[in-house]
Amino acid sequence: MYPTPPKLGDIVNRLRSTSIKLTQVSLLAGLTFAFTNFCASLAQADEQNFPLQSYRVGPYAAGGTGFFGGFIDYMNLINIRDGGVNGVKLTWEEGETQYEVERGVEVYERFKTLPAIAAWNPLSVGIAYAMIDRITQDKVPLITVNHGRTDSTDGRVFPYVFPLLLNPYSETSGIIKFIGSKLGGIDNLKGKKIVVLYHGSPYGKETIPIYELLAQKYGFTVQQIEVPHPGNEQQSQWLTIRQAKPDYVVLRGWGVMNPVALKTAQKVGFPSDHIIGNVWSNSEEDVIPAGNAAKGYIAITTQASGSQYPVLQEIIKTVYGAGKGNLQDKNRIGSVYHNLGIVNGILNVEAVRIAQEKFGHRTLTGDEVRWGFEHLRLDPDRVAALGAKDLFHSINVTWDNHEGDGLVTFQQWEGTKWKVVSDWIAPDWALLRPIIEKSSTAYAAEHKIKLRTAADAEEVGNSVASK
């Protein structure tokens with residue numbers, strides 16, 4: 001016996017009921033999806049992320065804790081005092097690298113899909129070199145403040161790499177000009193002898209050709225001596241220096257190499273005030289462990305030390321006063337590495353602020369932040385307005401010059417603190433720029449990179465972090 005077939009009206013009513021239910025379910029699902037996306041966009045819209053490839057352990061932890069501590073302290077200041085940059089909160093994620101290239105790349109690959117990435121700041125030459133191709137493909141800026149690949153200064157070839165404040169070649173030029181001033185004029189370098197004691201790494205070796213070039217130009221002789229990593233044994237090198245009897249020694253060190261150099265120099269009788277440290281041999285952590293051997297030692301810097309500057313006082317009051325300071329040892333507030341981190345924070349935040357004025361007060365893509373860095377022009381008046389007068393001088397980045405002006409000063413260790421002992425010194429750009437362009441255009445030819453124009457630099461695309 002077969003069941004009684006339904007009537008046509010019943011079928012229509014059932015279909016209508018089912019259709020209404022399906023429509024309601026579909027509408028609800030659509031609203032849920034839209035609401036989820038809306039919430040996600042809101043979460044991203046008011047945040048700008050700075051992933052940090054930091055190093056708080058290992059042989060270079062002093063530099064890492066100071067620099068990243070200062071960077072985070074400044075971002076906390078902007079968030080607490082100002083509510084972010086035009087309402088956009090600054091966020092960050094930390095990944096420990098121990099200053100090792102492989103770990104730095106792993107952190108990059110793990111963090112690169114985070115939303116709203118503004119820029120990368122690894123503070124490591126090796127990690128920075130390994131990231132250049134990656135960040136260029138992903139269209140997110142790589143900031144190598146005071147270090148990095150020299151020819152990345154040429155923004156025509158390296159649109160996403162920014163060796164802000166100084167590069168290894170402009171640093172070298174500044175050091176030689178300072179030594180010339182100590183001798184009574186640059187012409188008095190002729191016939192003098194300079195030894196460069198350098199860290200046995202790509203960072204340490206990068207300036208070998210520029211010291212040779214400057215020696216030829218100014219008529220001094222240069223002897224360059226390597227110290228193997230990490231640099232805790234230098235007796236043979238300083239015996240060689242004692243035999244050479246140079247007028248000055250340039251210390252191009254890093255980490256433990258620096259205090260060992262100063263103590264060993266004292267043992268062989270070389271005067272500390274004739275040792276000129278480079279920008280990674282200029283911190284309290286380099287001189288305090290050397291004790292009396294460091295007194296009188298001179299080093300180059302892009303930013304002064306001390307906590308007397310208004311921006312430092314604001315951080316002490318607003319950030320540390322709220323219990324959100326990043327340094328465990330408050331005695332390090334205002335130290336060289338901490339202040340470099342603060343200046344780096346200023347440069348990153350101002351690049352975001354400048355880009356927001358063009359693209360809107362919102363979360364920016366990496367390529368939009370790149371545009372901001374290429375228009376990062378902070379004159380002394382703006383630096384003063386940021387509470388950083390005399391902390392650093394100025395910066396003037398353009399689409400084809402990713403360093404800025406390269407202005408440096410020199411400080412001398414008095415035994416308990418640093419004292420600035422020079423005016424701001426500009427590098428010899430007429431000499432350096434052709435060398436930089438020769439290297440960068442060779443890199444472009446090897447990698448089949450078309451040189452950018454000013455018009456190209458104004459075009460902004462999507463970054464991997466914005467997708």
Side-chain angles (χ1 to χ4, degrees), residues 37-53 71-72 74-94 108 111-122 128 131-132 134-145 152 155 158-164 341-378 382 386 395-400 402 404 452 454-467:
N37 281 348
F38 176 70
C39 289
S41 66
L42 280 179
Q44 182 174 336
D46 62 356
E47 292 183 356
Q48 195 78 61
N49 195 12
F50 290 87
L52 303 179
Q53 295 151 297
F71 192 4
I72 291 171
Y74 188 75
M75 289 192 286
N76 264 325
L77 174 66
I78 297 300
N79 285 341
I80 297 170
R81 185 190 66 191
D82 304 337
V85 184
N86 294 311
V88 178
K89 286 291 184 71
L90 306 177
T91 61
W92 53 91
E93 304 279 346
E94 278 196 76
Y108 176 79
F111 283 176
K112 73 176 186 179
T113 55
L114 291 171
I117 293 178
W120 296 85
N121 293 261
M131 289 174 64
I132 288 175
R134 290 173 168 85
I135 59 97
T136 301
Q137 181 178 354
D138 293 343
K139 297 184 177 180
V140 180
L142 169 65
I143 312 307
T144 60
V145 63
S152 66
F158 298 92
Y160 295 97
V161 188
F162 293 85
L164 301 179
I342 290 170
V343 171
N344 189 68
I346 290 173
L347 301 179
N348 277 265
V349 168
E350 289 305 296
V352 168
R353 194 186 309 278
I354 288 166
Q356 282 186 351
E357 293 309 309
K358 179 175 177 63
F359 302 107
H361 294 178
R362 57 169 174 78
T363 297
L364 303 170
T365 68
D367 205 32
E368 290 169 339
V369 177
R370 182 271 307 164
W371 186 96
F373 275 108
E374 292 191 324
H375 293 78
L376 181 60
R377 287 145 206 176
L378 307 179
R382 178 57 181 163
L386 292 167
I395 193 166
N396 181 31
V397 181
T398 62
W399 70 273
D400 58 347
H402 280 191
R452 283 198 312 163
D456 295 332
E458 289 299 308
E459 295 180 3
V460 175
N462 291 325
S463 308
V464 67
S466 68
K467 296 176 181 177

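Using a 4.5 Å heavy-atom cutoff, the side chains of Leu364 and Val88 are not in contact. Residues Trp120 and Lys112 form a side-chain contact, since some pair of their non-hydrogen atoms from C-beta on lies under 4.5 Å apart. A 4.5 Å side-chain heavy-atom check between Tyr74 and Leu90 finds every atom pair outside the cut-off. For the pair Phe71/Phe50, a side-chain contact is recorded, criterion being any heavy-atom separation below 4.5 Å from C-beta on. Counting heavy atoms from C-beta outward, Phe373 and His402 have side chains that stay 4.5 Å or more apart.
With sequence neighbours left out, the ring pair (Phe, Tyr, Trp, His ring centres under 6.0 Å) criterion links Phe158 to Tyr443. For Asn79, the side-chain hydrogen bond (donor to acceptor under 3.5 Å, both in side chains) criterion is met by no residue, not counting sequence neighbours. Applying the side-chain contact (heavy atoms from CB on, under 4.5 Å) rule to Asn86 yields the partners Arg353, Gln356, Glu357, His361; only residues at least two apart in sequence or on another chain are considered. Listed by chain and residue number, Trp371, His375, Leu376 satisfy the side-chain contact (heavy atoms from CB on, under 4.5 Å) test with Ile354 (two or more places apart in sequence, or in another chain). In terms of the side-chain contact (heavy atoms from CB on, under 4.5 Å) criterion, residue partners of Glu94 (sequence neighbours excluded) are, by chain and number, Leu52, Ser54, Arg56, Ile72. Residues satisfying the side-chain hydrogen bond (donor to acceptor under 3.5 Å, both in side chains) criterion with Asn396, sequence neighbours excluded, are absent altogether. Every side-chain contact (heavy atoms from CB on, under 4.5 Å) that Pro159 has, sequence neighbours left out, goes to Arg452. By the ring pair (Phe, Tyr, Trp, His ring centres under 6.0 Å) test, Tyr160 pairs with no residue at all, sequence neighbours left out. Applying the side-chain hydrogen bond (donor to acceptor under 3.5 Å, both in side chains) test to Arg382 and every residue at least two apart in sequence or in another chain returns Glu350. For Asp400, the side-chain hydrogen bond (donor to acceptor under 3.5 Å, both in side chains) test picks out Thr398, with sequence neighbours left out.
Side-chain N or O atoms of Thr363 include none that pairs as donor or acceptor with a backbone N or O of Gln48 at under 3.5 Å.
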For Phe359 and Val460: C-alpha separation, side-chain torsions, deciding distance, then whether side chain to side chain contact (heavy atoms under 4.5 Å, CB included) applies. CA-CA 10 Å; Phe359 302 107; Val460 175; 3.5 Å; yes
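When each of Lys358, Arg362, Lys139 is checked for a salt bridge (Lys or Arg N to Asp or Glu O under 4.0 Å) with Glu368, only Arg362 meets the rule.
To the nearest 0.5 Å, atoms CG (Leu164) and CG (Asn121) are separated by 8.5 Å.
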